[in-house]
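Taking it in order: structure first as structure tokens, then the write-up.
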Amino acid sequence: MNTEQDDKNKGTDGTYYATTPIFYVNAEPHLGHAYTTTLVDVSARFHRLRNEDVLFLTGTDEHGEKIQKAAETAGLSPQEYVDRISGKFRDTWDELGIDYDIFMRTSEPFHHKVVQDVLQRVYDNGDIIFGEYGGLYCVQCERYYTEKELEDGKCPQHDITLEYRSEENYFFRMERYRPWLRKELENNPELIRPEGYRNEVLGLLREPIGDLSISRPRNRVPWGIPLPWDENHVTYVWFDALINYYSALVERGEVDRYWPHVEHFIAKDILKPHGVFWPTMLKSAGIPLYQHLNVHGYWLTDQGKMSKSKGNVIKPLELKDKYGIDAFRYFLLRDMTFGLDSTFSELALAERINADLANDLGNLLNRTMGMLGRYRDGVVPAHHVTPAPGGRAARSLAARRRCGQG
RNA sequence: GGCGAUGUAGCUCAGUUGGUGAGAGCGCACGACUCAUAAUCGUGAGGUCGUCGGUUCAAGUCCGACCAUCGCUACCA
């Protein structure tokens, strides 16, 4: 009998925990950040309208050597530095009407504790080993390069001379979980979507993925979370950043309420960490896998990828100020096919606003107001529309109910 | 080099398991009209479905090769 209710809750079990990535605070928010966050905002609002139990997390990733250096350059402590940049993200989301529930920051003490708890569980499970790693290291990239990868002996990304480093690291035994993850993806085709990205991850899993370096010496990188079994090392990016999705719930005592219903939204550049590292980490720690990993493409410009060096970075707040918040948000979601790259152009934005919002919607509103005054004495009559079975309105209603079930 | 994605009307893109004459929105052309005229409504113009070949009674939809763009990834003379 309760078909509408059943229908409504199908796919989400009436609970919806949606996340954006926590953004790295080495630059100010750009169009891509705004897209992901607006997308999740709209999705969260949709599920709230369906009376589901919704939680929406966004935030900033605040550790790492790169940030430590940036703070030094700015003459600030790391905490002062991340406070400032993190604040810019928060302000931007406020200005764009993002109605998030949690603004997560990895520098918060409770996060440290949860990360250490998870690390300990993985350690106790025998999935951490000690090893040495050495090579040419780029401070900007925070990674090692092989000599073949270099251009003129310099980092191909940053054009700076690299230094040789050798250090002892802890490694997560990720390779152990490769067969498991493969099977998981094969049994659950919707786990990573759209399909193209699922295939990419399956492709990665066809060959050994190796073990994952998860620590850095604390004497070199004090700005990080110490390993619970070795105070001389701090954890490194992924075991810190990815766990934010989980630690936020621990802090609120809402793990059981929300965790089995996680919907991650990311851009394609961080597919590997979210599609490979994160699931294997969860498996090792004995935490259930997320529901879905939803992957979108890039906003490009007519000159290709946005980058600071090209000087073609699109600033979301400027567009919002110029065209209005609702028009801007509408454009973001309307003009990009989910999963694919999209070319941004201000002309396309203007045309979209004119055609869809000003002409179609605006005319409808203007017309309705006119008719209301002319024929109904300005009073909205009680509605008594019965959609004809199989008619356009009925089909539209059915389509709306199907939406968001996957 | 390997793996993968993409390549469909001027533009942005849809096209389940192969099957009536290949679609939408925007743009464009023509026409209509009112309660909306810097709007709305109707109609239309027709694109070798990247190229070549194959399978099939039948392919945009399957197979092979190739080309272009993009991404990930491995490197040797």
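Quick note on labels: first sequence line is chain A, next is B, and so on, each numbered from 1.
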(message) Please find the pair of heavy atoms, one from A:L96 and one from A:A34, that lie closest to each other, and give the distance.
(response) CD1-CB, 3.9 Å
(message) Say we look at B:C11 and B:U16: how far apart would their C1' atoms be, to the nearest angstrom?
(response) 27 Å
(message) What I'd like to find out is whether the side chain of A:E95 reaches to under 4.5 Å of the side chain of A:K320, using heavy atoms alone.
(response) yes
(request) Using only heavy-atom distances, decide whether a donor-acceptor pair under 3.5 angstrom links the side-chain of A:R367 to the base of B:C35. (result) yes
(message) Measuring only the C1' atom in each nucleotide, how far is B:U69 from B:C75? A whole number of Å is fine.
(response) 24 Å
(request) When you get a sec, tell me which of B:C3, B:C72, B:C35 is the closest nucleotide to the side chain of A:L204? (result) B:C72
(message) Rounding to an integer number of angstrom, what distance separates B:C28 and B:U12 when you compare their C1' atoms?
(response) 16 Å
(message) Whether the A:T106 and A:H111 side chains hold a donor-acceptor pair (N or O, under 3.5 Å, no angle test) is what I'd like checked.
(response) no
(message) Distance check, P atoms only: B:A68 and B:A29, in whole angstrom units.
(response) 37 Å
(message) With rounding to the closest Å, how many angstrom separate the C1' atoms on B:A22 and B:A45?
(response) 16 Å
(message) Checking understanding here: a glycosidic angle within 90° of 0 is syn, the rest anti, so what is B:A74?
(response) anti
(message) Taking the basic N atoms (NZ, or NE/NH1/NH2) and the acidic carboxylate oxygens, is any pair closer than 4.0 Å for A:E72 and A:K69?
(response) no
(request) Round to the nearest Å and state the distance from A:L340 atom CG to B:U8 atom P. (result) 12 Å
(request) If B:C30 has a Watson-Crick or G-U wobble mate with both distances under 3.5 Å, name it; if not, just say none. (result) B:G42
(request) Provide the distance between the two P atoms, one in B:U8 and one in B:G54, to the nearest whole Å. (result) 24 Å
(request) Scan every strand shown for a Watson-Crick or G-U wobble partner of B:A65, both distances under 3.5 Å, and answer none if you come up empty. (result) B:U51
(request) Report the base-pairing partner of B:G4 (Watson-Crick or G-U wobble, both distances below 3.5 angstrom), or none. (result) B:C70
(request) List in chain and number order the residues that pass salt bridge (charged side-chain N to carboxylate O under 4.0 Å, His left out) with A:E231, two or more places apart in sequence or in another chain; answer none if no residue qualifies. (result) A:R218
(request) Could you check which of B:A14, B:G4, B:A39 has an atom nearest any side-chain atom of A:T337? (result) B:A14
(message) Say we look at B:C49 and B:A59: how far apart would their C1' atoms be, to the nearest angstrom?
(response) 11 Å
(request) Measure from the side chain of A:E200, starting at C-beta and using heavy atoms only, and say which of B:G4, B:G25, B:A39 lies closest. (result) B:G4
